[in-house]
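We use all heavy atoms of the structure for the numbers below, so side chains are in, but hydrogens, waters and symmetry mates are not.
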Amino acid sequence: MTDEQIRDLKDFIITVVRQEIVSQIQDQTAELKSEFSELKSEFSELKQSVSDLELKVDTIAEAVGVQFNEQQTVIENHETPIIKLETHPA
């Protein structure tokens, strides 16, 4: 084999290997983009679920707060029912 043939063979091998590497990189990039899109979609769904849960928790907390305030008012005004009981004969 002559030096020129060896150089040609090297160039050919480099070209083939380069093309294969570029092809693999493109395939892997496309796969990663696809997986990233799926993750973005799942993340959006997760954000919506968290938002729904926050709304439910806020609603429950507000209802509990209202009931607490009502009970606090009843406790603070406990003297009125006691006076009514005292005025009625047993």
Side-chain angles (χ1 to χ4, degrees):
M1 222 179 216
T2 66
D3 285 344
E4 187 176 326
Q5 289 174 326
I6 292 175
R7 276 193 303 271
D8 287 344
L9 182 59
K10 281 181 175 179
D11 289 343
F12 174 76
I13 291 171
I14 288 171
T15 302
V16 169
V17 168
R18 212 176 260 156
Q19 287 174 347
E20 182 63 29
I21 289 171
V22 167
S23 174
Q24 287 180 359
I25 288 173
Q26 288 173 340
D27 291 346
Q28 290 174 348
T29 301
E31 187 177 333
L32 285 172
K33 284 181 179 180
S34 173
E35 289 180 13
F36 183 72
S37 292
E38 289 176 25
L39 285 174
K40 277 179 69 176
S41 174
E42 289 176 11
F43 184 71
S44 294
E45 291 172 11
L46 184 60
K47 281 176 59 177
Q48 183 60 45
S49 295
V50 168
S51 179
D52 293 346
L53 285 174
E54 285 178 339
L55 179 61
K56 290 176 183 176
V57 167
D58 289 345
T59 302
I60 291 169
E62 186 177 332
V64 168
V66 167
Q67 286 186 348
F68 177 79
N69 289 337
E70 289 173 358
Q71 292 301 316
Q72 192 68 24
T73 302
V74 168
I75 290 171
E76 288 171 359
N77 297 328
H78 70 281
E79 293 174 2
T80 305
I82 292 173
I83 292 171
K84 286 182 182 177
L85 285 172
E86 289 176 348
T87 58
H88 289 2

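Once rounded to the nearest 0.5 Å, the distance linking NZ of Lys40 with NZ of Lys47 reads 10.5 Å. Note: Thr2 OG1 to Asp8 CG = 8.0 Å, rounded to the nearest 0.5 Å. We find the NZ-CZ distance between Lys10 and Arg7 to be 9.0 Å, quoted to the nearest 0.5 Å. Here the CD atom belonging to Gln26 is positioned 11.0 Å from the CD atom belonging to Gln28, to the nearest 0.5 angstrom. Distance check: Ser51 OG to Leu46 CG gives 11.0 Å after rounding to the nearest 0.5 Å. Put simply, OG on Ser37 and NZ on Lys33 are 9.0 Å apart, with the number rounded to the nearest 0.5 Å.
Side-chain heavy atoms closer than 4.5 Å link hydrophobic residues (I, L, V, M, F, W, Y) into clusters, and following such links, possibly through other members, connects Leu9 to Ile6. Cluster annotation: Ile25 is connected to Val17 through the hydrophobic network of ILVMFWY side chains, with a link wherever side-chain heavy atoms come within less than 4.5 Å.
Of the possible polar contacts, none joining the Ser34 side chain to the Ala30 backbone as a donor-acceptor pair under 3.5 Å is found. Between the side chain of Thr59 and the main chain of Leu55, a donor-acceptor pair closer than 3.5 Å is present. Judged purely by atom type and a 3.5 angstrom limit, Thr15 uses its side chain to pair as donor or acceptor with the backbone of Asp11.
Taking the side chain as every heavy atom from C-beta outward, Val66 and Glu70 approach each other to under 4.5 Å.
Few gaps surround CD on Glu76; more than 12 heavy atoms of other groups in view lie less than 6.0 Å from it. No more than 12 heavy atoms of other residues, nucleotides or ligands shown are found within 6.0 angstrom of CD on Glu62.
No side-chain donor-acceptor contact under 3.5 Å links Gln67 and Gln71.
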